[in-house]
Participant: 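Following this message is one structure expressed as C-alpha cells.
Chain naming here is simple, since letters A, B, ... match the order of the sequence lines and numbering starts at 1 in each. Treat the numbers as computed from the prediction; the structure is a model and nothing was measured.
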Amino acid sequence: MASILGREITGAQLFWERTLAIPSFPEFRQRVTGQVVQKVGRRGKFLLLSLANDTILFHLRMSGDLLVEPGSAPLNPHVRLFLDLSGNLRLAFNDARKFGRVWLLNEPEDVLAALGPEPFDPGFTPEELHRRLVTRRRQLKPLLLDQTFIAGLGNIYADEALYLAKLHPNTLSHTLSIEQTTRLWSSIRQVLSEGIQRQGATIDWVYRGGDFQNYFRVYQRTGEPCLECQTPIVRIVIGQRSTHFCPFCQPQPE
DNA sequence: ACGAGCGCCTGTCGGC
DNA sequence: TGCCGACAGGCGCTCG
C-alpha cells in the first residue's frame, strides 16, 4: 500500500453533505487543493491529516473506513468524500451508515480540546484516573464511553476492561478504591493493547479489521460461559448501549 | 451533574 | 417469500 505522506491533494469530491462537518464544501476543496499531507496522526478516535496550514480530522463513528486506492479504482457505493492525491491515488472515506464526520480546521484543538486523556499517556496514572473517577458520580460503563473522561474507548473495550477489572458496569465511579482503580487502569491498557495487536475486530458485513473478535471475553458472548467461572454472560442495556458482563465475577455493588 | 430518550442512517439477521 | 422488529465498534441534543 502506497503511503499518502508527502502527496499533494489535487482535488476533492463530496457525495453526502452532512459528512463534512465544517467548512462548506466549496471552501473545503479550495483550501485543501494544493496542500501536501505532512503527517498522519491520531487523538482519541479522531484521525488527523496535517497539512501546511490546516488539519483534516476524520471520525469513523460506527461504519466509517478510510481507503487508499488507485485514482482509477471503481468507487465504492458508500464513499461519502474523497481526496485526489498526486501519483494517481485516492483517499476515500467510506461510510455505509453516514454517521462519520470530516472537519477541516486551522486549529484542530477547537475540536480535540474537549477530549479526555490518552490511556497510554505517561501522565495517565492510576492516581490520575482515581482523581477523575471520584470527582464524578457516574456509572462506570457510560463514563468509560464518555470521550471527555477518557479518549478512545468504545463499547467493546469498555465491556472487556470492566470484566478484566472485575467491576460491575453499574458501579458508581466515586466509590472505587485505589485498588479497584488500579485494576481498571491496567485493564484498560491491556484490552487496548490486545485490540491493537489483533488489529481490531471484524464483525458483520461492514467492519473490516483483525481477529480480536476471537478473543472477546464478554462482548457478544451473551449466554456463553464465563472463561473464569462458567457462569453465563449476561447482556443488559446501559445508556442505550449493549453491555456484557459476568454476574459472578462482576457482582452488583451494594 | 447525571441519566434517559431520541435522532441520525444503512444494512443484516431471525422470527413469524 | 415478505414483512417487521431488533440490533449494530458513536455521539449530540433535549429534558427532567
Participant: A/Thr202 or A/Gln240: which one's nearest nucleotide on DNA chain C is closer to the 5' end?
Facilitator: A/Thr202
Participant: Name all residues meeting the salt bridge (charged side-chain N to carboxylate O under 4.0 Å, His left out) criterion together with A/Glu118; count only those two or more places apart in sequence or in a different chain, and write none if there are none.
Facilitator: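 Partners of A/Glu118 under the salt bridge (charged side-chain N to carboxylate O under 4.0 Å, His left out) test: A/Arg42, A/Arg43.
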Participant: Taking distance alone, no hydrogens or angles, what donor-acceptor pairs closer than 3.5 Å link side-chain atoms of residues 127-137 of chain A to residues at least two apart or in another chain?
Facilitator:
residue	atom	partner	partner atom	Å
A/Glu127	OE1	A/Thr125	OG1	3.4
A/Glu128	OE1	A/Arg131	NE	3.2
A/Glu128	OE1	A/Arg131	NH2	3.1
A/His130	NE2	A/Leu176	O	2.9
A/Arg132	NE	A/Phe149	O	3.1
A/Arg132	NH2	A/Thr148	O	3.0
A/Arg132	NH2	A/Phe149	O	3.1
A/Thr135	OG1	A/Arg131	O	3.2
A/Thr135	OG1	A/Arg132	O	3.0
A/Arg137	NH1	A/His174	NE2	3.4

Participant: For a quick check of understanding: with a heavy-atom distance under 4.0 Å over all strands, which category does A/Arg18 fall into, base, sugar-phosphate or nothing?
Facilitator: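 Sugar-phosphate only.
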Participant: How would you give the extent of chain A contacts on DNA chain B, as first and last nucleotide 5' to 3' within a 4.0 Å heavy-atom cut-off?
Facilitator: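 Listing 5' to 3', DNA chain B meets chain A from B/dC2 to B/dT12.
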Participant: Between A/Phe120 and A/Phe124, is the gap from one ring center to the other below 6.0 Å?
Facilitator: no
Participant: Round to a whole Å and report the spacing from CG of A/Leu112 to C1' of C/dC11.
Facilitator: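 So the CG-C1' distance, A/Leu112 to C/dC11, works out to 15 Å.
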Participant: Pick the P atom in C/dA6 and in B/dG5, then give their distance to the nearest Å.
Facilitator: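 Pairwise P distance, C/dA6 against B/dG5, rounds to 14 Å.
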Participant: For A/Ser63, which contact category applies under a 4.0 Å heavy-atom criterion: base, sugar-phosphate, or nothing?
Facilitator: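 Counting heavy atoms under 4.0 Å across all strands, no contact is made by A/Ser63.
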Participant: Who passes side chain to side chain contact (heavy atoms under 4.5 Å, CB included) against A/Val111, sequence neighbours left out?
Facilitator: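 Expected list: A/Phe46, A/Leu57, A/Trp103, A/Leu105.
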Participant: When you compare B/dC9 with C/dC7, how far apart are their P atoms, in angstrom units rounded to a whole number?
Facilitator: 22 Å
Participant: A/Gln147 CD to C/dG12 C1': how many Å, rounded?
Facilitator: 13 Å
Participant: Round to the nearest Å and state the distance from A/His59 atom NE2 to C/dC11 atom C1'.
Facilitator: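 From A/His59 NE2 to C/dC11 C1': 7 Å.
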Participant: For A/Lys141, run the side-chain hydrogen bond (donor to acceptor under 3.5 Å, both in side chains) check against A/Thr171, A/Asp146, A/Asn155 and tell me which one passes.
Facilitator: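 Testing A/Lys141 for a side-chain hydrogen bond (donor to acceptor under 3.5 Å, both in side chains) against A/Thr171, A/Asp146, A/Asn155 leaves exactly one candidate, A/Asn155.
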Participant: Specify the separation, in whole Å, of atom CZ of A/Phe149 and atom P of C/dC11.
Facilitator: 15 Å
Participant: Report yes or no: do A/Tyr215 and A/Leu153 belong to one cluster of Ile/Leu/Val/Met/Phe/Trp/Tyr joined by side chain heavy-atom distances under 4.5 Å?
Facilitator: yes
Participant: Under a 4.0 Å threshold between the charged nitrogen and the carboxylate oxygen, would A/Arg198 count as salt-bridged to A/Glu194?
Facilitator: no
Participant: Could you state the CZ-P distance from A/Phe99 to C/dG12, rounded to the nearest angstrom?
Facilitator: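 Atom CZ in A/Phe99 sits about 13 Å away from atom P in C/dG12.
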Participant: Within this structure, what is the CG-to-P distance between A/Asp95 and C/dC11, rounded to whole angstrom?
Facilitator: 13 Å
Participant: Between A/Gln250 (side chain) and A/Leu162 (backbone), is there a donor-acceptor pair under 3.5 Å?
Facilitator: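 Here the side-chain-to-backbone pair exists.
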Participant: Between P on C/dA8 and CD on A/Gln213, what's the gap in Å once rounded to a whole number?
Facilitator: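 In whole Å, C/dA8 P and A/Gln213 CD are 16 Å from each other.
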Participant: With sugar-phosphate meaning primed atoms plus P, OP1 and OP2, does A/Ala96 contact a base, only sugar-phosphate, or nothing at under 4.0 Å between heavy atoms?
Facilitator: sugar-phosphate
Participant: Quick one: side-chain hydrogen bond (donor to acceptor under 3.5 Å, both in side chains) partners of A/Asn170, sequence neighbours excluded?
Facilitator: none
Participant: Considering heavy-atom distances to DNA chain B, does A/His78 or A/Gly239 have its closest nucleotide positioned more toward the 5' end?
Facilitator: A/Gly239
Participant: Just N and O in the side chain of A/Arg235: are any of them under 4.0 Å from OP1 or OP2 of C/dC7?
Facilitator: yes
Participant: Tell me the stems DNA chain B sits in, counting at least three consecutive Watson-Crick or G-U wobble pairs, each under 3.5 Å on both distances.
Facilitator: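 If one scans DNA chain B for consecutive Watson-Crick or G-U pairs, the stems found are B:2-8 with C:10-16, B:10-16 with C:2-8.
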Participant: Give a yes or no answer on whether the side chain of A/Glu69 reaches the backbone of A/Arg90 with a donor-acceptor pair at less than 3.5 Å.
Facilitator: no
Participant: Regarding A/Asp204, tell me which of base, sugar-phosphate or nothing describes its non-hydrogen contacts under 4.0 Å with the strands shown.
Facilitator: nothing
Participant: Contact class for A/Arg138 vs. all strands (heavy atom < 4.0 Å): base, sugar-phosphate, or nothing?
Facilitator: sugar-phosphate
